[in-house]
2 protein chains.
Amino acid sequence: MKRTHTCGELRRENANQTVTLSGWVNSCRDLGGLTFIDLRDREGVTQVVINPESVSEEIAKLASTIRDEFVLTVIGKVIARPDNMVNKNMATGAIELEVIDVVIDNRSKPMPFHLNDPNVNEDLRLKYRYLDIRGSQTNENLRIRHQITMMVRNSLSDQGFIEVETPILSKSTPEGARDYLVPSRVHPNNFYALPQAPQQYKQLLMVGGIERYFQIAKCFRDEDLRADRQPEFTQIDIEASFVDQEDLYSIIEKMLYDIMLKVKGLEISLPFPRMTHAEAMDRFGSDKPDTRFGMEFVNLADVLANCEFKVFSGALSTGGQVKCINAKGLAKSSSRKIIDQWTDFVKQFGAKGLAWIKIEEDGNVKSPIAKFLSEDELNGVISAASAEAGDVILVVADKASIVADALGRLRLEIAENNDMIPADVYNFLWCVDFPLLDHDEETDTWHAVHHPFTSPYPEDIEKMDTDPANVRARAYDVILNGCELGGGSIRIHQPEMQEKMFKALGITDEEIQEKFGHIVDALSFGAPPHGGIALGLDRLVMLLTGADSIREVIAFPKTNKAACLMTESPSGVDAEQLEELHLALVKLEEK
Amino acid sequence: MKRTHTCGELRRENANQTVTLSGWVNSCRDLGGLTFIDLRDREGVTQVVINPESVSEEIAKLASTIRDEFVLTVIGKVIARPDNMVNKNMATGAIELEVIDVVIDNRSKPMPFHLNDPNVNEDLRLKYRYLDIRGSQTNENLRIRHQITMMVRNSLSDQGFIEVETPILSKSTPEGARDYLVPSRVHPNNFYALPQAPQQYKQLLMVGGIERYFQIAKCFRDEDLRADRQPEFTQIDIEASFVDQEDLYSIIEKMLYDIMLKVKGLEISLPFPRMTHAEAMDRFGSDKPDTRFGMEFVNLADVLANCEFKVFSGALSTGGQVKCINAKGLAKSSSRKIIDQWTDFVKQFGAKGLAWIKIEEDGNVKSPIAKFLSEDELNGVISAASAEAGDVILVVADKASIVADALGRLRLEIAENNDMIPADVYNFLWCVDFPLLDHDEETDTWHAVHHPFTSPYPEDIEKMDTDPANVRARAYDVILNGCELGGGSIRIHQPEMQEKMFKALGITDEEIQEKFGHIVDALSFGAPPHGGIALGLDRLVMLLTGADSIREVIAFPKTNKAACLMTESPSGVDAEQLEELHLALVKLEEK
């Protein structure tokens, strides 16, 4: 008995055929002596009817033992339903199956939770992840993930890229997050590391003349997990030779176009808009601006140039900023309580306070700071913010980084809470020309904003010694709806430039040799000009499925404590295993 | 200056066009004042000519500094060569490029070895793997690997399979080889393990209703590496629900058909032949028979039933075998020395000796055992072996396992050394009906031949208690030219049967709960009938590229000592890293 059709396949045209279906009992009801079963497989649900009078006594008896989630194979005759009995909510609603024979392939204990119940505790779902996957949403998420990865592979392969697998048993990298280590038994007291990204390997593949590489690559970071991180995650990793930024933009745009068309049925417009890092920070206070709605920053420096209000003049005179957003139409709903909440909100990001100016429906201006501003200044702010009756202007004055962060996040918070973000809009953009170096005030050292292999603009190289803060990197991020989908850069391909970069980062010759020796070596054997990008696959799938978390689009995710509740991993190991690895445990109490 | 064409693209039709190429200097010669450069990229080689009289003085000077493996971008005019000057060995041999401008994108130190030199020491190649990849053979191997994985994915996706990523940070499994462990920092003294295969996850996906799963999956085994193993390797991992063996055979056959057509241009014939494990052992002494040539085993039990020669009669009377192969046409070349070598060869595999019967060109029979056999027996052996003038019959008498191993390997050894294996023949076959259980004489316990989740034939289940050696598994291997490409089985899907199997393997209830608890649990929640297979991708690519070793088809392989010579991994780590992991090293001298 082998299935002839799936449970999503039968239509009125199949009437009177004898078919075999296999699947799970989605529901089972006894009505007037007849047993009605909704039989479910991956493709759909078909209603199956067992009439005890038209099957053998044995089968009738068996049918009475059937419960939810039993696995059945049924042979039956397809019966067309009368027009007025068609179930329009089911693809197979025009027919039902009159059972001739049934085999119970497997029984099931009662479920620990109801499949598809949206209110199940996540820990319980993760413990029984195999049942959670049986529910329609997780199953569908994994199918869409497969579709997306197939599109990525086919699009890149069509564009001349080849997928190359790089090692998982890799070498500990000095940059970035904490590595997961793997002790070596054959080389006692030595360790492999799981790769945080295949960055060095992909550059070495360029030195190896592969020219166009990609990989859907597993990456690992041993972090104290924030809300939506996983210890292992997947990235779409890309590198190409003899290319500049424009080539990479168009490769990625083509790939994302293909994906959006296939997965969402949407033709997105190409090329994506570009925004420099400086502009993004200026207009949105973020290097991943969400452009699905307005409420952009308005710089009040000119309007308030001569302002006598200390909060503003103080910020401006010490090199800081005074900026506002206009929360359109929210004057009425922004009660004292709401404004207090917003004020507390911006304080989390370092702002000392939030000034506001309401233009009430009748045109009256209400603001605790009105008394500190001249009429010209007040009108200037209102005019600069294009504020009208019903709007509320929110002002932050502080050093630039705090204004950006506080006001940028407030903008998102207000938009989300007031349904200002249109649904089903997918705004892609490139954020470009990131700074190359970032100053760490605490240690007075310079860090690579992207990574130490990122190339500066040739015309900015001379500033590396004199004005490092203003050296622009040939680095770019691709943004979707305010989320960073990925980022990359044109790399340094000449050994002299790479050494200059390491010097700028304060890395000693000895460290260079120990940590990056093979990379510097490789650059000196005819490395071609090259660049690349990496996109977070989990996040892309999450955004395109509308899932709340990347855990929803990963088959067997870990918790925020990096544990698998299903297999109870990580777990203890035998003393012999440790002995073979020349390792001893340091017990917690010994510390 | 960005390339307009690849180095493999220009033809006579392009004559007089101005084009830009980028690539590596494959060779550089100065002839009569002209500089001739073979410029190479991934797609091919183009001859480039720099005439100092037709370029600026600056460029002429630059040209004189060019050396092998420099990276250049050249602008030039395509010149058609006269018919009698066409280089037929190069796809671009009908043209050359007359240089207008050159940029040296990067210089190169002298190479540590000559690209494409077949005699370079492998350790040196692995240290500079990025240069080894630049050589044409490794580059081509990686391209073919990509083609094969794309074919696998597209074929399986077309057949309704979805690729699901299973975790790399996994749980230590009690069966099989040694695990690689990953210490957890967040859960001190606990460990993840890298998966030896996604076996349990793929079965759980079936319980989850995925129905058709595949994955090109990284697997890990911490073994003392034999000749051609790697600590990490890649398998094509497949599992499907509501299927039997026949369904899986046809899925795999279709996939391999697609690959052979695309990669080798060959239409292989389907379905593949099937051979039971018993027949394969009987005819070839191997469960992975190489059927590209004959020399099959001939069982001499009947012919020698009453033989008085102790070596033969002793083997037969104690339940052993007497079998021979006929090395056709080798009577003349099989000198005493050769026969001694063969004898030594079979002794490695436990045989006590090798009997031989030569039929010389003139029909004379020469054999040291002739005197122990009656004339009927001698003629009987010759006739059974279908031996003619010029052949040599080689006989092994021993217990069945030794006869199989010794004579089976001798068969391969002789065929390889005497060019008996036809080139470009791809013989696929299914070896089926493996035994379920294998008896370990030392410990007097039974082991799973495949793994403990493999289903027995229903009709053999009752023998599990009474005659375990003769229970057949629903297990199968796919063989190509005597190599095992992969193997799989129909799994146990009912919890009662799984427990029966664990009992047969002597696994206690406590161990079941601890090690397999989540699997047994999962089976009890409506697991569908399912089965699967896993194929070694590295080996498949090796066979289809004709490479000598899987290291040749892996971008960054490890040595037989599990080390990466390029990155010098594994390596020592900082004391702080170990402290965070609550681990201490046990120094070698302390042991």
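FYI, side chains are in, hydrogens and waters are out, and symmetry mates aren't considered; it's all heavy atoms of this structure. In what follows, chains carry the letters A, B, and so on, assigned in the order in which the sequence lines appear, proteins first and then strands, with residues in each chain numbered from 1.
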Heavy-atom cut-off 4.5 Å, strictly under: side chain, backbone, both or neither for Val186(A) against chain B? side chain

Can you tell me which portion of Pro183(A) sits under 4.5 Å from chain B's heavy atoms? Options are side chain, backbone, both or neither. both

Heavy-atom contact with chain A under 4.5 Å, split by part of [X]:
{"X": "Arg3(B)", "result": "side chain"}
{"X": "Lys218(B)", "result": "side chain"}
{"X": "Lys558(B)", "result": "side chain"}
{"X": "Leu537(B)", "result": "side chain"}
{"X": "Arg212(B)", "result": "both"}
{"X": "Pro557(B)", "result": "neither"}
{"X": "Met566(B)", "result": "both"}
{"X": "Phe214(B)", "result": "side chain"}
{"X": "Asp132(B)", "result": "neither"}
{"X": "Ile162(B)", "result": "both"}

Point-to-point distance, once rounded to the nearest 0.5 Å, from [atom1] of [X] to [atom2] of [Y]:
{"X": "Ser571(B)", "Y": "Leu181(A)", "atom1": "OG", "atom2": "CG", "value": "9.0 Å"}
{"X": "Ser157(B)", "Y": "Asn154(A)", "atom1": "OG", "atom2": "CG", "value": "8.5 Å"}
{"X": "Phe516(B)", "Y": "Thr567(A)", "atom1": "CZ", "atom2": "OG1", "value": "13.5 Å"}
{"X": "Glu211(B)", "Y": "Asp41(A)", "atom1": "CD", "atom2": "CG", "value": "4.5 Å"}
{"X": "His187(B)", "Y": "Lys561(A)", "atom1": "NE2", "atom2": "NZ", "value": "7.0 Å"}
{"X": "Gln577(B)", "Y": "Tyr180(A)", "atom1": "CD", "atom2": "OH", "value": "13.5 Å"}

Determine whether Leu581(B) and Val586(A) satisfy the following criterion, side chain to side chain contact (heavy atoms under 4.5 Å, CB included), listing intermediate values before the conclusion. CA-CA 8 Å; Leu581(B) 296 174; Val586(A) 177; over 6 Å; no

Under the side chain to side chain contact (heavy atoms under 4.5 Å, CB included) criterion, do Ile554(B) and Glu165(A) qualify, and how do the steps go? CA-CA 8 Å; Ile554(B) 294 173; Glu165(A) 295 174 59; over 6 Å; no

Determine the interplanar angle of the Phe556(B) and Tyr201(A) rings, folded into 0 to 90°, and report it as parallel if under 30°, tilted if 30 to 60°, perpendicular if over 60°. tilted

Phe525(A) vs Tyr128(B) aromatic rings, parallel, tilted or perpendicular, using cut-offs 30° and 60°? perpendicular

Could [X] and [Y] be called an ion pair, given the rule that one side-chain N must be under 4.0 Å from one carboxylate O?
{"X": "Lys2(B)", "Y": "Glu246(A)", "value": "no"}
{"X": "Asp179(B)", "Y": "Arg185(A)", "value": "no"}
{"X": "Glu163(B)", "Y": "Arg153(A)", "value": "yes"}

[X] vs [Y] side-chain heavy atoms within contact, under 4.5 Å:
{"X": "Ile133(B)", "Y": "Leu204(A)", "answer": "no"}
{"X": "His582(A)", "Y": "Lys587(B)", "answer": "no"}
{"X": "Ser184(B)", "Y": "Asp222(A)", "answer": "no"}

Checking Glu232(A) side chain against Pro167(B) main chain: does a donor-acceptor pair fall under 3.5 Å? no

